Trainee: 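Following this message is one structure expressed as structure tokens.
Each chain gets a letter, A, B and so on, in the order the sequences are listed, and its residues count up from 1. The structure displayed is predicted, hence computed values, not measured ones.
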Protein chains: 2
Amino acid sequence: MTGKRAAVRADTTAAIIRLARRQVETRGAANLSLREIARDLDMASSAIYRYFESRDQLLTVLIIDAYDRIGEAIETADAKRDRDDLIGRWTAIALALRSWALTNRADYGLVFGTPVPGYEAPDDTIAPALRYTNVVVRLLADASSSGCTPSIESPRTRKIAGEYRYVRRAIGVDAPDATLLAGLSAWAAVFGAINQELFGHVDTVYADPGIHFAALVDMLGRQVMGLT
Amino acid sequence: MTGKRAAVRADTTAAIIRLARRQVETRGAANLSLREIARDLDMASSAIYRYFESRDQLLTVLIIDAYDRIGEAIETADAKRDRDDLIGRWTAIALALRSWALTNRADYGLVFGTPVPGYEAPDDTIAPALRYTNVVVRLLADASSSGCTPSIESPRTRKIAGEYRYVRRAIGVDAPDATLLAGLSAWAAVFGAINQELFGHVDTVYADPGIHFAALVDMLGRQVMGLT
DNA sequence: CTGAGGTCAAGAGCACTGCTCACATTTCTT
DNA sequence: AAGAAATGTGAGCAGTGCTCTTGACCTCAG
């Protein structure tokens, strides 16, 4: 079955991806050059097209891969804590996300940065993209079902109630409005903080952004779970 | 002084910028083509270099311009409310930021999206970049000096206290730890929410992201100001 | 009012890019 | 062993940013 040919193919494919990732890291996704990859691999530039049908598709593969690795990082962070330890899980997830982002800046930028107008994410990206999301959604569900009530209140209007009815169905978590609001807010704050730090919008604000981030996560956790 | 020559020059410069912005909107910053701009303007591609020294510099000009317009949008939103109306100012600022982002997606992406590795923002970007920041920093200062105490608590450790001592100096706001934490958290949440919405990471979650955003902003405002 | 100096556009050209295609070579399958 | 499938090659097309030389134009001082 897996003859010499298939093995070589897998190797070359992996080598292309490796070089591509390195290029994205050092020069940005915009400057990814297939020809340079081919040169580094001592093959004709046209040969690359036997492995990836276009530059965009190569980038898509990198994106899927990145999603997958984020998912894995967050899943294992979550799994290391007791399922009952809600705050512990939250903290682990958030810190894992930040440290993954810091050590994989290019991949993080690829996934959470500016999208290219007109670029439609292919269907194969959907499942990997849901992986990290599911972890935090499950945490929110656990928090809600174990009776946590957040220490914030949601505004009560018809429109907002209707919106959160939709959200409840969309993410499949049967939690009260305040829990949804607190949870989504916390999640947004985590991403916002990471983006600001990584993309250089708060360079002069913090001595050590990690310390602030830890305090932020701690505060958000207590807020969503409604403890102390 | 301002002869015919200077007038024509200003026109061409403006036309180039206009076309460049349109290209960034429709195809992304990565696909900005000076040659195409030149074609659209019926001039030789080399002539563009009389107006902008490089493609990067053109993009930098677009970025500075975007920063400036964000600053202006936020400043006027802030100025429309009484200085005492802290919640009103906060809400106005946050909603203005979101609506600017929605109507200027490309510019927002240019400024707050993935940075190009190796790209050093020139000095001329610093001042415009501070404009929108200053508005919200001033709001935080006003909130603190008018005795608002946020409804959250900051964790108390040596490290965190030290970090916020640094932050206090860096942004020039003499507020307690909890206020800084709440304010920075709220600001991060606003950006995080806008990023998620604009960059397509929550497409399936909300029926109308604007409704959730309004609730989010309302909740955050009450939290930072410590009201009801 | 004329001529010098500065400004601007043009066009050719370099080195690069993604991508295609006809063709040769290698490997797997029958 | 023979045919089929997979893989690599090199030329070529159309596009890119950018440079340099050349000539035309405008502005303003003498």
Trainee: In a table with atom names and distances, give each donor-acceptor pair under 3.5 Å that connects a side chain of residues 182-199 of chain B to protein atoms at least two apart or in another chain.
Mentor:
{"residue": "B:Asn195", "atom": "ND2", "partner": "B:Phe191", "partner atom": "O", "Å": "2.9"}
{"residue": "B:Glu197", "atom": "OE1", "partner": "B:Arg98", "partner atom": "NE", "Å": "3.0"}
{"residue": "B:Glu197", "atom": "OE2", "partner": "B:Arg98", "partner atom": "NH2", "Å": "2.9"}

Trainee: With sequence neighbours left out, what residues match B:Asp142 under side chain to side chain donor-acceptor pair (under 3.5 Å)?
Mentor: B:Arg83, B:Arg89
Trainee: Could you work out, with side chain to side chain contact (heavy atoms under 4.5 Å, CB included) as the rule, every residue matching A:Ala106, not counting sequence neighbours?
Mentor: A:Val24, A:Glu25
Trainee: Let me have a per-nucleotide readout for nucleotides 9-18 of chain C, 5' to 3', with B, S or -, counting only protein heavy atoms under 4.0 Å.
Mentor: BBB-B---BB
Trainee: Measure CG/B:Asp56 against P/D:dT16 and give the value in whole Å, please.
Mentor: 17 Å
Trainee: Whole Å only: how far is the CG atom of A:Asn31 from the C1' atom of D:dT16?
Mentor: 12 Å
Trainee: Using the side-chain hydrogen bond (donor to acceptor under 3.5 Å, both in side chains) rule, collect all pairs that involve residues 55-64 of chain A, keeping only residues at least two apart or in two chains.
Mentor: A:Thr60-A:Tyr119
Trainee: Can I get a per-line list of side-chain donor-acceptor pairs under 3.5 Å for residues 208-216 of chain B, giving both atom names and the distance, sequence neighbours left out?
Mentor:
{"residue": "B:Asp208", "atom": "OD1", "partner": "B:Gly210", "partner atom": "N", "Å": "2.9"}
{"residue": "B:His212", "atom": "ND1", "partner": "A:Tyr164", "partner atom": "OH", "Å": "2.8"}
{"residue": "B:His212", "atom": "NE2", "partner": "B:Tyr206", "partner atom": "OH", "Å": "3.2"}

